Number of protein chains: 2
Amino acid sequence: MEDKYKEIPHKTIERLSQYRRALQIYSEKGKNHIFSHEIAALLHITAVQVRRDLMLIGYSGSLRKGYDISDLIMLIGNIIDSPNGQKVAVFGMGDLGTALINYFRGRRDKLQITAGFDISPEKGGHKIAGIYCYSVERAAEIIGKEDIRIGILTVPPDQADDTVRIMVDSGIKGILNYTPAPVEVPDDVYLEEYNMISSIEKVAYYVKEQK
Amino acid sequence: MEDKYKEIPHKTIERLSQYRRALQIYSEKGKNHIFSHEIAALLHITAVQVRRDLMLIGYSGSLRKGYDISDLIMLIGNIIDSPNGQKVAVFGMGDLGTALINYFRGRRDKLQITAGFDISPEKGGHKIAGIYCYSVERAAEIIGKEDIRIGILTVPPDQADDTVRIMVDSGIKGILNYTPAPVEVPDDVYLEEYNMISSIEKVAYYVKEQK
DNA sequence: TTTGCACTGTTAAATGAATAACAAAATGGA
DNA sequence: TCCATTTTGTTATTCATTTAACAGTGCAAA
Ligand SMILES: NC(=O)c1ccc[n+]([C@@H]2O[C@H](COP(=O)([O-])OP(=O)(O)OC[C@H]3O[C@@H](n4cnc5c(N)ncnc54)[C@H](O)[C@@H]3O)[C@@H](O)[C@H]2O)c1
Ligand SMILES: NC(=O)c1ccc[n+]([C@@H]2O[C@H](COP(=O)([O-])OP(=O)(O)OC[C@H]3O[C@@H](n4cnc5c(N)ncnc54)[C@H](O)[C@@H]3O)[C@@H](O)[C@H]2O)c1
């Protein structure tokens with residue numbers, strides 16, 4: 001059963017998350033069912049791709065009505081969520097960290113930002129955007145106590161290396177790095193990096209080429 | 001010449017942008033040359049991948065010293081930048097929009113955020129984070145006048161559709177959508193979407209699977 | 001009832017991307 | 001001088017992902 005899910009391609013995992021998001025928005029319009037080509041249109045991919053992905057997770061739609069939206073949302077949840085939820089910590093409670101916390105709030109129930117860490121004394125000890133902000137010195141303590149495994153890195157670039165070390169030593173097993181600095185992690189820590197400059201440079205490149 | 005570049009794979013374009021960023025950080029340490037395996041280590045990929053990418057853009061390194069960093073930065077610039085630069089507008093000057101502008105400032109010279117648009121009256125008419133903020137009604141006028149082709153979308157999700165329409169009608173040819181709402185664009189507009197929830201769900205999934 | 005239609009689910013083929021393999025070149029030391 | 005070492009540039013191969021093809025199915029309309 002678990003082994004079956006191991007075979008799900010990385011790209012499919014990414015899309016499943018996107019399907020769910022799109023389905024949630026769609027279901028708020030009062031719809032109960034959706035066809036593969038409708039999902040495809042929302043995400044700008046092909047209907048075949050959608051059906052193939054859903055095949056991989058073993059979900060069958062109704063032939064005439066398409067897919068049951070709430071069933072599908074639930075099934076995607078079974079695959080990508082942890083049954084008991086996972087906790088997330090933010091390192092660096094500046095502009096971006098705060099924006100992310102606000103954005104995140106209320107969107108996912110199995111994934112919760114439960115702690116923030118910052119080096120600045122005036123941020124420590126009280127809540128920012130509803131999240132308690134601790135001094136980084138207490139990282140190991142809090143992360144251990146709360147069993148946090150996932151960390152978001154939004155410190156200044158020159159602090160990235162040191163902060164990652166603290167995160168890893170504290171028990172973090174997955175890091176989402178928003179810093180432009182390349183960082184190092186041990187093999188057993190999953191690292192995902194995002195850089196806005198690369199995204200916009202890609203847009204710029206294809207705009208340029210298109211002319 | 002231009003046709004040659006057409007063949008560069010999407011993934012390579014993405015990596016070129018990342019190479020440049022890493023190289024810039026690296027060169028600040030006083031280094032002039034770098035080996036493929038050093039670049040690879042920074043980005044957590046293989047040295048072969050790096051060499052293959054550089055082969056595609058026709059850059060040759062020195063056999064014993066590796067690649068000349070400033071030459072390589074320049075060559076990557078020749079490929080992904082526009083010679084005369086490109087201007088970028090931000091739609092939605094809220095928390096995220098402001099954070100992005102601050103982050104962007106001074107990082108790229110061929111790519112400049114030159115205008116912001118917002119619906120809120122108290123934001124219009126003055127500068128936010130150093131960028132002049134206009135009312136959205138003036139989008140077509142300003143974008144036409146300044147010849148802006150690239151737009152970043154950071155309005156609230158329920159405003160995404162309408163705002164994209166305004167952007168497209170104003171002449172925007174490439175959109176980076178930070179909104180969780182799926183949006184529609186004509187064929188001749190390049191659309192790149194980013195959603196932080198998907199990124200973190202991916203991290204969460206692989207953290208879960210790893211245990 | 002039967003035919004046509006619009007879907008799904010699945011296998012097969014094609015495309016795209018990453019990796020492996022290796023020849024060629026430069027350097028330093030034996 | 002020549003050999004061992006190191007690294008590049010490139011072709012060949014493998015692997016991953018997407019797309020195509022198509023059979024099967026339920027429904028609606030004739
Ligand atoms: N990926 C993107 O698209 C993107 C966009 C904007 C910013 N960024 C990056 O995100 C990071 C944060 O950006 P920001 O605009 O929020 O900056 P910011 O200066 O507003 O916030 C940084 C925060 O980190 C705290 N901090 C500093 N050193 C620390 C340490 N050692 N440990 C813990 N906390 C520490 C500071 O007190 C501050 O609160 C920067 O690295 C920036 O380059 C990335
Ligand atoms: N992709 C991500 O990782 C990520 C992270 C955080 C937020 N977000 C999304 O980015 C968007 C902005 O987030 P935020 O935290 O900055 O929100 P925010 O409320 O701080 O900012 C929104 C801004 O848009 C302006 N606005 C509203 N309607 C507008 C319209 N029709 N035209 C122009 N401007 C308009 C508002 O006046 C406000 O200034 C939201 O959609 C949010 O969900 C995405």
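Below, all heavy atoms of this structure are taken into account, side chains as well, without hydrogens, waters or symmetry copies. Source: prediction; values computed, not measured.
- The minimum heavy-atom distance linking A/P186 with A/V168 is given by the pair CG-CG1, 3.7 Å.
- Atoms CE (A/M55) and P (C/dA12) sit 12 Å apart, rounded to a whole Å.
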**OP:** Could you walk me through whether A/Q18 and B/N195 pass side-chain contact (heavy atoms from CB on, under 4.5 Å), step by step?
**Re:** CA-CA 8 Å; A/Q18 289 160 11; B/N195 190 273; 5.9 Å; no
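- Nucleotide C/dG9 holds its P atom 11 Å from the CD1 atom of A/I39, rounded to whole Å.
- One can place CD of B/E14 at 16 Å from P of C/dG16, the figure rounded to the nearest angstrom.
- One can place NE2 of A/H33 at 16 Å from C1' of C/dA6, the figure rounded to the nearest angstrom.
- In this structure, B/R64 places its CZ atom 7 Å from C1' of C/dG28, rounding to the nearest Å.
- Bounding nucleotides for the chain B contact on DNA chain D, 5' to 3', at a heavy-atom distance below 4.0 Å, are D/dT5 to D/dA12.
- Residue A/L56 contributes atom CG, which lies 11 Å from atom P of C/dT11 at whole-angstrom precision.
- Between A/L43 and A/Q49 the shortest side-chain heavy-atom distance does not fall below 4.5 Å.
- Following rounding to the nearest Å, B/L63 (CG) and C/dG28 (P) show an atom-to-atom distance of 12 Å.
- Between A/Y194 and A/Y178, the ring-plane angle classifies as perpendicular under the 30° and 60° cut-offs.
- When side chains are defined from C-beta on, A/Y67 does not count as touching A/L23, because their heavy atoms never get closer than 4.5 Å.
- Taking a 6.0 Å sphere around NZ of A/K110, one finds it holds more than 12 heavy atoms contributed by other residues, nucleotides or ligands.
- In this structure, A/I57 atom CD1 and C/dG9 atom P are separated by 11 Å, rounded to whole Å.
- Residue B/E193 is tested with B/N177, B/L153, B/I175, B/L176 for a side chain to side chain contact (heavy atoms under 4.5 Å, CB included); the sole match is B/N177.
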Between the protein and nucleotides 17-23 of chain C, which nitrogen or oxygen pairs are less than 3.5 angstrom apart?
| from | atom 1 | to | atom 2 | distance (Å) |
| --- | --- | --- | --- | --- |
| C/dA18 | OP1 | B/R15 | NH1 | 3.2 |
| C/dA18 | OP2 | B/R15 | NH1 | 3.1 |
| C/dA18 | OP2 | B/R15 | NH2 | 2.9 |
| C/dT19 | O4 | B/R52 | NE | 2.9 |

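- A salt bridge is defined here as a Lys NZ or Arg NE, NH1 or NH2 lying under 4.0 Å from an Asp or Glu carboxylate O, and B/D147 with B/K87 fails to meet this definition.
- A/E38 and A/Y26 share a donor-acceptor pair across their side chains, judged by distance under 3.5 Å alone.
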